[in-house]
Amino acid sequence: MKALNVLLWIAQIVLGAMFLMAGYMKLATPLDQLIEQMAWVADVGSFTRVIGSFELLGAIGLILPAALKIQPKLTGIAAIGLATIMLSAMVFHISRGETSIIGVNIILGLVAGFIAWGRLKKAPIQAKS
C-alpha cells in the first residue's frame, strides 16, 4: 500500500505540473500566438481560456486537497475532471482528423483515471480532524 501511495503522489505531482503549465499557457499567451502553436485554437477562440482555467484548477485540485488533508476526496474528483477534459479533447481532435495527436490525451487521461481510482477507492487520504 505504501508503494501505491508513493506512485500516486508521483503521478499527482507530475500530472499537476503538466496541467499547471498547460493551463497557464492557455490563459497567459495571446490567442494569436496560441494559434501559431496549436491550430485548433482558431476554431474555439476565447473558449481556450475556459479550458485553461479548468486545467489550472484541476492541477491545483490534484495537489492541495491531498497535501493539506482538507477535503482530500477533491483530489479524486479533480482527477475525474481532468480525465473528462482529456476524453473531450480526444473527441474534438478526432472530429478534426487530428488522430496523430491524441496519444498525449490518452496517456494524460489514463494517468488521471489512475489517480481518481487510487485516491477515491484504493488509497484514499484521510482528512485531518
Side-chain angles (χ1 to χ4, degrees):
M1 190 61 86
K2 184 174 180 168
L4 178 60
N5 192 45
V6 169
L7 189 57
L8 283 165
W9 269 112
I10 291 168
Q12 285 170 240
I13 291 167
V14 170
L15 195 66
M18 292 180 80
F19 276 108
L20 188 69
M21 289 185 294
Y24 179 77
M25 180 185 68
K26 289 179 182 98
L27 288 172
T29 306
L31 287 177
D32 57 336
Q33 289 178 17
L34 278 177
I35 291 169
E36 292 174 13
Q37 299 170 12
M38 299 176 284
W40 60 266
V41 174
D43 291 341
V44 297
S46 58
F47 187 67
T48 305
R49 305 295 191 208
V50 174
I51 296 167
S53 297
F54 288 159
E55 289 176 345
L56 195 64
L57 290 171
I60 293 167
L62 285 178
I63 306 297
L64 282 185
L68 300 176
K69 296 185 178 185
I70 299 173
Q71 295 293 321
K73 68 179 178 182
L74 292 176
T75 294
I77 294 169
I80 290 170
L82 291 172
T84 303
I85 290 171
M86 289 300 96
L87 179 61
S88 300
M90 282 186 275
V91 170
F92 176 74
H93 289 303
I94 289 169
S95 74
R96 290 175 44 91
E98 301 169 339
T99 55
S100 63
I101 64 173
I102 65 168
V104 173
N105 301 126
I106 292 169
I107 292 167
L108 296 178
L110 288 173
V111 173
F114 169 69
I115 294 168
W117 166 80
R119 289 304 180 207
L120 293 173
K121 297 289 182 191
K122 195 67 174 166
I125 294 174
Q126 299 302 313
K128 67 179 175 182
S129 35

Tightest non-hydrogen contact, residues F54 and L82, listed as O-CD2, 4.3 Å
So CZ of F114 and CG of L4: to nearest 0.5 Å the spacing works out to 5.0 Å
In terms of hydrophobic clustering (I, L, V, M, F, W, Y; side-chain heavy atoms under 4.5 Å; direct or indirect links), are M21 and L27 co-clustered? no
Heavy-atom closest pair (A78 atom, G61 atom, distance to 0.1 Å) is CB-C, 3.6 Å
In short, salt bridge (Lys or Arg N to Asp or Glu O under 4.0 Å) pairs touching residues 102-115 with sequence neighbours left out are none
Minimal heavy-atom distance between A89 and N105, with the atoms involved, is CB-ND2, 3.6 Å
Residues at least two apart in sequence or cross-chain that pass side chain to side chain donor-acceptor pair (under 3.5 Å) with E98, listed by chain then number, are H93, R96
Excluding L64, membership of its hydrophobic cluster (Ile, Leu, Val, Met, Phe, Trp, Tyr; side-chain heavy atoms within less than 4.5 Å) reads I60, L68, I70
Quiz prompt | Same apolar cluster: W40 and I94, side chain cutoff 4.5 Å | solution = no
Scanning both residues in full, the closest heavy-atom pair of A116 with A79 reads N-CB, 3.6 Å
So salt bridge (Lys or Arg N to Asp or Glu O under 4.0 Å) across residues 119-129, not counting sequence neighbours, yields none
Salt bridge (Lys or Arg N to Asp or Glu O under 4.0 Å) pairs touching residues 7-30, sequence neighbours excluded, are K26-E55
What one should report as the nearest heavy-atom pair of G16 and A59 is O-CB, 3.2 Å
Is there a path of hydrophobic side-chain contacts, each under 4.5 Å between heavy atoms, that joins L15 and L87?
no
Residues passing the side-chain contact (heavy atoms from CB on, under 4.5 Å) test with L57, sequence neighbours excluded, are none
I'd like a table of donor-acceptor pairs (distance under 3.5 Å, sequence neighbours excluded) in which one partner is a side-chain atom from residues 28-39, with atom names and distances.
unit_1: T29; atom_1: OG1; unit_2: M25; atom_2: O; d: 2.9

Residues passing the side-chain contact (heavy atoms from CB on, under 4.5 Å) test with M18, sequence neighbours excluded, are V14, L108
Connected to I80, directly or through other members, by ILVMFWY side-chain contacts below 4.5 Å are L120
Contacts of I77 meeting side-chain contact (heavy atoms from CB on, under 4.5 Å) (sequence neighbours excluded), chain-then-number -> L74
The complete set of salt bridge (Lys or Arg N to Asp or Glu O under 4.0 Å) pairs with one or both residues in residues 56-79, sequence neighbours excluded, reads none
Exercise for the section: May I ask whether F19 and V50 are part of the same hydrophobic cluster, defined by side-chain heavy atoms of I, L, V, M, F, W, Y residues being less than 4.5 angstrom apart, directly or through others? Expected result: yes
side-chain contact (heavy atoms from CB on, under 4.5 Å) filter on L110, not counting sequence neighbours, yields I106
* Asked: Any side-chain heavy atom of I115 within less than 4.5 Å of one from L62?
  -> yes
So if you build clusters from Ile, Leu, Val, Met, Phe, Trp, Tyr with side-chain heavy-atom gaps below 4.5 Å, do L20 and M86 land together?
no
Applying side chain to side chain contact (heavy atoms under 4.5 Å, CB included) to Q12 and L8, what does each step give before you reach the verdict?
CA-CA 6 Å; Q12 285 170 240; L8 283 165; 4.0 Å; yes
Nearest heavy-atom contact between I125 and A66 is CD1-CB, 3.4 Å
